[in-house]
Amino acid sequence: MCRASGQTRGVNQLTAEDISALDDPVGQSLRSHHAALALTVGRASAYVPEVATFSAVPSAPDRQDWSDLATLLGPGAFADLFSAPTSPPADWRPVFSMAGVQMIAAPDKFVDREEDADVIELGEADVPDMLRLTKQTRPGPFWGRSHELGRYVGVRVAGQLVAMAGERLHPPGWTEISAVCTAPQQRGRGLSRRLVHDVASTIVARGERPFLHVAVDNTTAIALYRQLGFEVRREVRFHGYHTPAR
Ligand SMILES: CC(C)(COP(=O)(O)OP(=O)(O)OC[C@H]1O[C@@H](n2cnc3c(N)ncnc32)[C@H](O)[C@@H]1OP(=O)(O)O)[C@@H](O)C(=O)NCCC(=O)NCCS
């Protein structure tokens, strides 16, 4: 076991500035750590296709910002606004709306980084297996280039990828844990707990704090995250739209 260096402030010691990055995690990521993966028009931005479908406008968008996002995505295109606390103009057609929670954990929950020989780093060569596992288990959207968003790890049994977890959104000071999943026949053996702990402790070791999102009705995953020390910071609503046809 090695003790990771890094920030160890508790959840209750976070400043308003620290935590405000989580109010618009997509926009904050696209404007900072993920700028190289961003397409922008004016103040609107979106991830390049195949990395993620998430897009963002400023926190108080005007008509020009929505027009710029429509230009960026194209007519009749899917605009996944993730948990942005704003809604587009009336001519943007709603596609989905889903209740979720955003959870955060105090860094001191993850200062002890246990070396786990079963946990392997996943990369380009693992993409077909990652796509197969996420298609089977449906932890949330995962695309062919999503692994470029951060570090992904997994566990193989007899060569087969049976569990994985990784890093997705990356606003200043924070990294989101995502794509947490275990193949049905391997569940209940602690694989996700070990993988989420590995991802979170690596985030904390570089001086950042872990956060994540989960659907409100995913009580299994919420139980997993609570057991690891995550607490609900706020309720969110994930929402997506189609841009106007022309
Ligand atoms: C949620 C999921 C990732 C858990 O994976 P797992 O490898 O079975 O989880 P673990 O064995 O590491 O369990 C760790 C803890 O999670 C909780 N948990 C796991 N399965 C549970 C279940 N069926 N019911 C209640 N709690 C459960 C428990 O707290 C458990 O600790 P315990 O074994 O000491 O009771 C898995 O069920 C899955 O892939 N679900 C579909 C994809 C998904 O929803 N991902 C989360 C997206 S946010």
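In each ligand, atom 1 is the first atom listed, and ligand 1 is the first ligand listed.
In terms of polar-atom proximity, defined here as any N/O pair under 3.5 Å, G190 does make such a contact with ligand 1. Among the atoms of A221, none of the N or O lies under 3.5 angstrom from an N or O of ligand 1.
Annotation: side chain of V119 is in contact with side chain of L195 (closest heavy-atom distance under 4.5 Å). Under the 4.5 Å side-chain criterion, counting only non-hydrogen atoms from C-beta, M164 is in contact with L122.
For atom 44 (O) of ligand 1, the closest non-hydrogen atom on the protein side is N218 ND2, 2.7 Å. Nearest protein neighbour of atom 5 (O) of ligand 1, counting heavy atoms only, is S192 OG, 2.9 Å. Protein heavy atom closest to atom 39 (O) of ligand 1, with residue, atom name and distance, is T182 N, 2.9 Å. Of all protein heavy atoms, the one lying nearest to atom 48 (S) of ligand 1 is Y225 OH, 3.2 Å. Looking only at protein heavy atoms, the nearest one to atom 20 (N) of ligand 1 is T220 CG2, 3.3 Å. With respect to atom 26 (N) of ligand 1, the closest heavy atom belonging to the protein is A223 CB, 3.8 Å. Here the protein heavy atom with the shortest distance to atom 47 (C) of ligand 1 is P139 O, 3.4 Å. What sits closest to atom 14 (C) of ligand 1 on the protein, heavy atoms only, is L224 CD1, 3.4 Å.
Summarising the contacts of atom 31 (O) of ligand 1 with R138, M103, M164, Q227, the nearest heavy atom is found in Q227. Residue nearest to atom 42 (C) of ligand 1, selected from L191, I222, T137, V101: T137 (by heavy-atom distance). Between atom 33 (O) of ligand 1 and the options Q186, R193, R187, R194, the minimum heavy-atom separation is to R193.
Taking the six-membered ring where the residue is Trp, W66 and W92 present perpendicular rings, their angle passing 60° and hence far from 30°.
Atoms of ligand 1 found under 4.0 Å from any heavy atom of R189, numbered from 1 in the order shown, are 11 (O). Counting the atoms of ligand 1 from 1 in the order shown, those under 4.0 Å from a heavy atom of C181 are 3 (C), 39 (O). Listed by number with element, the atoms of ligand 1 under 4.0 Å from a non-hydrogen atom of V214 are 48 (S).
The 12-atom threshold is exceeded at CD of Q136, counting heavy atoms of other residues, nucleotides or ligands nearer than 6.0 Å. Environment of CD in E50: crowded, with over 12 heavy atoms of neighbouring residues, nucleotides or ligands closer than 6.0 Å.
Between the side chain of T53 and the main chain of D80, no donor-acceptor pair closer than 3.5 Å is present.
Partners of E167 according to the side-chain hydrogen bond (donor to acceptor under 3.5 Å, both in side chains) rule, which considers only residues two or more places apart in sequence or in another chain, are R206. Scored by the side-chain contact (heavy atoms from CB on, under 4.5 Å) test, A35 finds no partners at all (sequence neighbours excluded).
Contact analysis puts G188 in contact with ligand 1, with a non-hydrogen atom separation below 4.0 angstrom.
Checked for salt-bridge contact, D126 and R132 miss the test: no charged N lies under 4.0 Å from a carboxylate O. Salt-bridge check for D24 with R31: passed, with a basic side-chain N closer than 4.0 Å to an acidic carboxylate O.
Heavy atoms only, all atoms of each residue included: Q102 and L22 are closest at NE2-O, 2.9 Å.
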